[in-house]
Q: 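Could you have a look at this structure, given as structure tokens, before my questions?
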Amino acid sequence: MGRDTFYITTAIPYVNDVPHIGHAYEGVATDFVARYHRQRGEEIFHVTGTDEHGLNNQRAAEAHGMSPQDWVDSMAPKWREVWGRLDISYDDFIRTTEPRHEAVVKKLLTAVHDNGTDDIYLGSYEGLYCVSCEAYYTEDELKDGLCPIHERPVELAKEENYFFRLSAYTDRLLAHYDAHPSAIEPSSRRNEVLSVIRGGLQDFSISRTSFDWGVPLPWDETHVCYVWFDALANYITAAGYGDDPERFAQLWPANIHMIGKDIVRFHAIYWPAMLMAAGLEPPTQVWAHGFINVGGKKMSKTNATSIHPFELLDRFGTDSYRYYFMREIRFGEDGNFSWESMVDRHNADLANGLGNLASRVLAMVESYFDGVLPAPVVEGAESDLPAVTADALRRYDEHMLAIQLQPALGAVWDIVARANAYLVEKQPWKLAKDPANAGELAAVLYAAAETLRILAVAIHPIMPAAAASLWSQLGQPGSVADAHLPAAGAWGGLEPGARTTKGESLFPRVEHEAQ
Ligand code: MSP
């Protein structure tokens, strides 16, 4: 763990239900970014977890006739299981009910409480509360009298609460965002946040007495900590705030908090202010992605549009799943899932695109050269593939560092398209008919196989299993995970003489089905 460790997090979902493809979207996007940075040889700390306190979770437990602790203990593994099937390479998984986290919540509360400015005070509050958001709304924030996010009724709630003096942070937040133009992405979200801050901030309550499923306040145990205050602190728990100052100094501030657009105000207003109040730095960047809709609508249990990731994983496999969502939807905007588009994308880009390229090249090396990669004798086989791959990898890198995940994959698939076209132009299957063309045939197949090697490295962050399989089919030593960019993307890394094997098809076609 060095000073340059890239620290990236996801939001931690409530465990009042099982995951759907919207939650998984965030998990996959974050993992794609984390793995890309690892592929560049960087040290990464990737954290995810579950948000287990609060009324949301307590009510779900009651509905199932369970204690909150039994309920969250039964649910957390269901989330981890999905992250496992999605090949999410997290380094730490925080459950907010873990003692290490509860200790951090108390430590953070105490730091703010004791900061000498009365940033926490006792007051009373009456307001309209959305249980799903765990947040109060004013009348004019409601949409047709309903929560603007969940479109569900709000409840009139009245409590004596401890408050956090958010109103005192208006100027500091504005100064922070002024000095750090890319602290909130995309810029549409930044503008939203700035206009909320400029509109004036209200203090928010940080404790509850109406239920007890939470961390008791250290100075008044009759109150439990507000679930958002508790949940946001997970980011510093994982970094060692509780018990490892040296590690914390190396990891904090986090490089990226990846979140959905609905929880921007918590991350870009509450959280930085809470950190400032505790004498800590705000996160470097909050990145708010869009929502996955189904049939053009918000997913919901009531209209049966909530899709569990397993439904898709069983049919398409992990790599195709990961690829589809990142390639189909412009990251930062809302996107629609449909079975048709997923089948089409899978067949076009994976089965016919990359899969077909790999199987053709490996089959030809096997049948024309007995599975031993020929040396690239150059005559007659000048290829633009070295230039094409170099240019595409440069664009891939730029897009990935800017979290432009869709065009990043577009750049990699430019390589696939060019390599397939190269084979059509060179027609190695025709060259193979005349021994006089052996040199050219060798050069063409070397260029195609070297392109595949570069592709294996490039796709590893998005399709780890396919990348590993391709790497071993090309007879490459070691693990593709250790083939770091940019060096491993340079042309000529494939050693002639390598033993190739044509394995299972990387991406078997999927047929359309009546849904
Ligand atoms: N528990 C809070 C987060 C606390 S983070 C300190 C929460 N949980 S959640 O379960 O409601 O949402 C978890 C994440 O999933 C959020 O980033 C949210 O935006 C994201 N998504 C929930 N539904 C989604 C879609 N339909 N599409 C994409 N992301 C979605 O908020």
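First listed ligand is number 1; within each ligand, the first listed atom is number 1.
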Q: For ligand 1, is Trp228 a contact, meaning one of its heavy atoms is under 4.0 Å away?
A: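 It does, in that a heavy atom of Trp228 comes within the 4.0 Å cut-off of ligand 1.
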Q: May I ask you to list the atoms of ligand 1 that are less than 4.0 angstrom from any heavy atom of Asp51?
A: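 Heavy-atom distances to Asp51 below 4.0 Å select 1 (N), 2 (C), 4 (C).
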Q: Could a heavy atom of His289 be found less than 4.0 Å from some atom of ligand 1?
A: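 So His289 counts as touching ligand 1.
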Q: Any N or O on Gly22 sitting closer than 3.5 Å to an N or O of ligand 1?
A: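 Yes.
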Q: Which residue is it: Tyr121, Tyr226, Tyr169, Trp228? I am looking for the one with a ring-ring contact (aromatic ring centres under 6.0 Å, His included) to Phe164.
A: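 Output: one option passes, namely Tyr169.
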Q: Which of these, His46, His460, Met463, sits in a side-chain contact (heavy atoms from CB on, under 4.5 Å) with Arg35?
A: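 Single side-chain contact (heavy atoms from CB on, under 4.5 Å) partner of Arg35 among His46, His460, Met463: His460.
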Q: Nearest non-hydrogen contact with atom 24 (C) of ligand 1 belongs to which option: Tyr270, Phe337, Tyr25, Phe291?
A: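 Looking at heavy atoms only, the winner is Phe291.
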Q: In the protein, what heavy atom is nearest to atom 31 (O) of ligand 1, and what distance, to one decimal place, separates them?
A: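 Minimum-distance protein heavy atom for atom 31 (O) of ligand 1 reads Ile263 CG2, 3.6 Å.
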Q: Which of the atoms in ligand 1, numbered in the order shown and given with their element, are less than 4.0 Å from a heavy-atom of Ala231?
A: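 Near Ala231, meaning under 4.0 Å from one of its heavy atoms, ligand 1 has 6 (C).
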Q: In terms of atom number and element, which parts of ligand 1 are under 4.0 angstrom from non-hydrogen atoms of Asp262?
A: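 What qualifies from ligand 1 is 18 (C), 19 (O).
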Q: Applying a strict 4.0 Å limit to heavy atoms, is Gly290 in contact with ligand 1?
A: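 The answer is yes, since Gly290 has a heavy atom less than 4.0 Å from ligand 1.
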Q: N/O to N/O below 3.5 Å, does that happen between Tyr14 and ligand 1?
A: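 Yes: some nitrogen or oxygen of Tyr14 is under 3.5 Å from one in ligand 1.
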Q: Using a strict cut-off of 4.0 Å, indicate which atoms of ligand 1 neighbour a heavy atom of Ile259.
A: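 Under 4.0 Å from Ile259, ligand 1 has these atoms: 17 (O).
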Q: Ring centres of Tyr36 and Phe32 under 6.0 Å apart?
A: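 Between Phe32 and Tyr36, which both carry aromatic rings, the centre distance is not below 6.0 Å.
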Q: Geometry only, no angles: is Gly260 polar-contacting ligand 1 at N/O separations under 3.5 Å?
A: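 Indeed, backbone or side chain, Gly260 has an N or O that close.
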Q: Is it true that Asp92 and Arg100 have a side-chain N and a carboxylate O under 4.0 angstrom from each other?
A: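 Salt bridge present between Asp92 and Arg100.
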Q: In ligand 1, which numbered atoms sit nearer than 4.0 Å to a non-hydrogen atom of Tyr235?
A: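 Counting from 1, the qualifying ligand atoms are 5 (S), 6 (C).
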Q: Would Ile12 count as being in polar contact with ligand 1, using the rule that some N or O on each side must be under 3.5 angstrom apart?
A: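 There is such a contact, yes.
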Q: Measure Phe266 to ligand 1 on non-hydrogen atoms and call it side chain, backbone, both or neither using the 4.0 Å cut-off.
A: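 The answer is neither.
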Q: Does Asp17 come within less than 4.0 Å of Lys78, counting only side-chain N to carboxylate O?
A: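 No salt bridge links Asp17 with Lys78.
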Q: Kindly check if the number of other-residue, nucleotide or ligand heavy atoms within 6.0 Å of CZ (Arg509) is above 12?
A: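 Correct, the count exceeds 12.
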Q: What protein heavy atom lies closest to atom 17 (O) of ligand 1? Include the residue and the distance to one decimal.
A: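 Protein heavy atom with the smallest distance to atom 17 (O) of ligand 1: Glu26 OE1, 2.5 Å.
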Q: When the aromatic ring centroids of Tyr235 and His267 are compared, is their separation below 6.0 Å?
A: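 Under 6.0 Å, so yes.
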Q: Between Arg59 and Glu62, does at least one N-O distance fall below 4.0 Å, as a salt bridge requires?
A: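 Looking at Arg59 and Glu62, the cut-off is not met.
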Q: Hey, which atoms in ligand 1 end up nearer than 4.0 Å to a heavy atom of Met299?
A: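 That gives atoms 26 (N) of ligand 1.
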Q: Within a 6.0 Å radius of atom CZ on Arg152, are there more than 12 heavy atoms belonging to other residues, nucleotides or ligands?
A: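 It does not: Arg152 CZ has 12 such atoms or fewer within range.
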Q: For atom CD of Glu126, is the number of surrounding heavy atoms from other residues, nucleotides or ligands below 6.0 Å larger than 12?
A: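 Buried by this count: over 12 neighbours within 6.0 Å.
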Q: May I ask you to check whether Phe316 and Tyr321 place their ring centers less than 6.0 Å from one another?
A: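 Ring-ring flag for Phe316/Tyr321: false, centres at least 6.0 Å apart.
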Q: Any idea which atoms of ligand 1 are less than 4.0 Å away from a heavy-atom of Ile292?
A: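 Numbered from 1, ligand 1 contributes 25 (C), 26 (N), 27 (N), 28 (C).
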Q: Using a 4.0 Å heavy-atom threshold (strictly under), name the region of Lys298 that reaches ligand 1: side chain, backbone, both or neither.
A: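 Looking at Lys298 and ligand 1, no heavy atom falls under 4.0 Å.
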Q: His20 near ligand 1, heavy-atom distance under 4.0 Å?
A: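 Flag set, His20 near ligand 1.
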Q: Is there at least one pair of N or O atoms, one from His267 and one from ligand 1, spaced under 3.5 Å apart?
A: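 No - when backbone and side-chain N and O of His267 are compared with those of ligand 1, no distance drops under 3.5 Å.
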Q: Is it true that Tyr270 and Phe204 have ring centroids separated by less than 6.0 Å?
A: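 Ring centroids of Tyr270 and Phe204 are less than 6.0 Å from each other.
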Q: How close does the nearest protein non-hydrogen atom get to atom 15 (O) of ligand 1, and which residue and atom is it?
A: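 Ranking protein heavy atoms by distance from atom 15 (O) of ligand 1, first comes His23 CD2, 3.5 Å.
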Q: Could you check whether Phe93 and Trp79 have their ring centres less than 6.0 Å apart?
A: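 Not under 6.0 Å, so no.
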